[in-house]
2 protein chains.
Amino acid sequence: MVTTPNESSDIVYSVDCPTRDVMDQISNKWVTLIMIALADEPKRFRRLMRQVQGISQKMLTQTLRGLERDGLVNRAVLPTSPIQVEYSLTTLGRSLYVPLVELRTWSEKNIEAITAARADFGR
Amino acid sequence: MVTTPNESSDIVYSVDCPTRDVMDQISNKWVTLIMIALADEPKRFRRLMRQVQGISQKMLTQTLRGLERDGLVNRAVLPTSPIQVEYSLTTLGRSLYVPLVELRTWSEKNIEAITAARADFGR
DNA sequence: CAGAATCCTCTACGATACTG
DNA sequence: CAGTATCGTAGAGGATTCTG
């Protein structure tokens, strides 16, 4: 985490911090879902699209490209006709899967507390 | 995680899954930064704004409201003049901090691999 | 100091149509 | 099947101004 000092000696999370750039990428609505879906086993485009409900073809393509670009996902074109494309997690991707799934576990575990807090809020 | 079966017996991440709703909230560009900033110690609005560089007053207010609403952050109005408002993590918030910081740790640890992958991509 | 309100811009994203 | 290309729109979010 790249930081710069400020008057009160707080750590400042710089705008141009590369870590923040990475965090922005993976703090994405679809990234977590796709990564988790791919963790089970390699999957083809259509199957992913069915599994990650509500994602558009455009967003799935776009998000997968980003993940491929960052070395998190592997894209393999199968020499069939018509073409099939299989996506899988890379080693790096599998290492990211660990904290991602912990985040999901936290969500599942605390969904009730959050729902309760929301109900309480504004009364 | 609320799921529905599909033809190929894949787990489907439903659109209306409450867990997904929570995941969407915390998969937010600012949430992680704010949560981590508050983990050190309770902080006031101005100080948070300085620390989380690049956030606008509007977004900081908005994000803090969301976190407060979800029971992750506590908002305390100090009886000073002019008013001061101190934000701190709730117990629930501190429990979320754990996986969040792991995500940041992962980012810091793997920023180099990602940068390398990006450089490689498209060649 | 900590915000609420307003306006305005820009881009993320969906919908649709087309291709190797 | 797995995309690319184009267009159109809603909403996220910045800048600015005002207040208890």
Side-chain angles (χ1 to χ4, degrees), chain A residues 6-8 10 13 15-16 20-21 23-34 37-38 41-69 73-88 121-122, chain B residues 6-8 10 13 15-16 20-21 23-34 37-38 41-69 73-88 121-122:
Chain A
N6 75 345
E7 326 96 71
S8 57
D10 265 333
Y13 307 116
V15 182
D16 53 353
R20 203 159 126 175
D21 182 62
M23 288 292 288
D24 285 0
Q25 295 291 326
I26 61 186
S27 291
N28 174 305
K29 181 176 173 157
W30 300 118
V31 165
T32 312
L33 287 171
I34 293 177
L38 283 179
E41 55 180 331
K43 276 166 192 166
R44 289 190 293 108
F45 192 87
R46 282 274 157 192
R47 193 166 162 208
L48 267 177
M49 186 138 174
R50 261 180 283 117
Q51 187 167 7
V52 182
Q53 209 178 75
I55 196 171
S56 66
Q57 180 265 327
K58 181 179 178 179
M59 284 315 294
L60 182 53
T61 302
Q62 189 173 308
T63 308
L64 283 170
R65 282 293 169 285
L67 292 173
E68 191 195 354
R69 183 190 144 183
V73 158
N74 201 283
R75 179 176 183 269
V77 180
L78 307 181
T80 54
S81 173
I83 277 175
Q84 298 189 338
V85 179
E86 189 170 79
Y87 292 94
S88 56
F121 193 69
Chain B
N6 76 345
E7 326 97 66
S8 57
D10 264 334
Y13 307 115
V15 181
D16 53 354
R20 204 159 126 175
D21 181 62
M23 288 291 290
D24 286 359
Q25 296 290 327
I26 61 186
S27 292
N28 175 305
K29 180 176 175 158
W30 300 117
V31 165
T32 311
L33 286 171
I34 294 178
L38 284 180
E41 56 181 329
K43 275 165 194 165
R44 289 190 292 108
F45 192 87
R46 282 274 157 194
R47 191 164 163 213
L48 267 178
M49 188 139 171
R50 261 180 284 117
Q51 187 166 8
V52 182
Q53 209 178 73
I55 197 170
S56 65
Q57 177 262 322
K58 182 181 177 178
M59 285 314 294
L60 182 53
T61 303
Q62 189 173 307
T63 308
L64 284 171
R65 282 292 169 285
L67 293 174
E68 191 195 354
R69 184 189 120 112
V73 158
N74 202 283
R75 180 176 182 271
V77 181
L78 307 181
T80 55
S81 174
I83 276 176
Q84 297 190 339
V85 179
E86 189 168 79
Y87 292 94
S88 56
F121 193 68

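First the proteins, then the strands, lettered A, B, ... as listed; each starts at 1.
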Annotated protein contacts, base or backbone, on nucleotides 2-18 of chain D with a non-hydrogen cut-off under 4.0 Å, one of B, S, - each: SBB--------BB----
A:Arg69 and A:Gln25: CA distance, side-chain angles, deciding distance, side chain to side chain contact (heavy atoms under 4.5 Å, CB included) verdict: CA-CA 11 Å; A:Arg69 183 190 144 183; A:Gln25 295 291 326; over 6 Å; no
Working for side chain to side chain contact (heavy atoms under 4.5 Å, CB included), residues B:Val73 and B:Ile34: CA-CA 10 Å; B:Val73 158; B:Ile34 294 178; 5.5 Å; no
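Closest heavy-atom contact between A:Arg65 and B:Phe121: O-CZ, 4.4 Å. Among all heavy-atom pairs drawn from B:Val77 and B:Arg75, the shortest one is CG2-NH1, 3.7 Å.
Every residue was checked against the side chain to side chain donor-acceptor pair (under 3.5 Å) condition with A:Asp24, not counting sequence neighbours, and none meets it.
Within the helix from C:dC1-D:dG20 to C:dG20-D:dC1, the inter-axis angle between the opening and closing five-pair segments is 50°, rounded to 10°.
The residue among B:Pro82 and A:Pro82 whose nearest nucleotide of DNA chain C lies closer to the 5′ end is B:Pro82.
A donor-acceptor contact shorter than 3.5 Å links the side chain of A:Arg20 to the backbone of A:Tyr13. B:Gln53 places a side-chain N or O within donor-acceptor distance of the main-chain N or O of A:Val15, the cut-off being under 3.5 Å.
Rounded to whole angstrom, the span from the NZ atom of B:Lys43 across to the C1' atom of C:dA2 amounts to 18 Å. Here the C1' atom of nucleotide C:dA4 and the CG atom of B:Leu60 are 14 Å apart, to the nearest Å.
With a 4.5 Å cut-off on side-chain heavy atoms, A:Thr61 and A:Phe45 count as touching.
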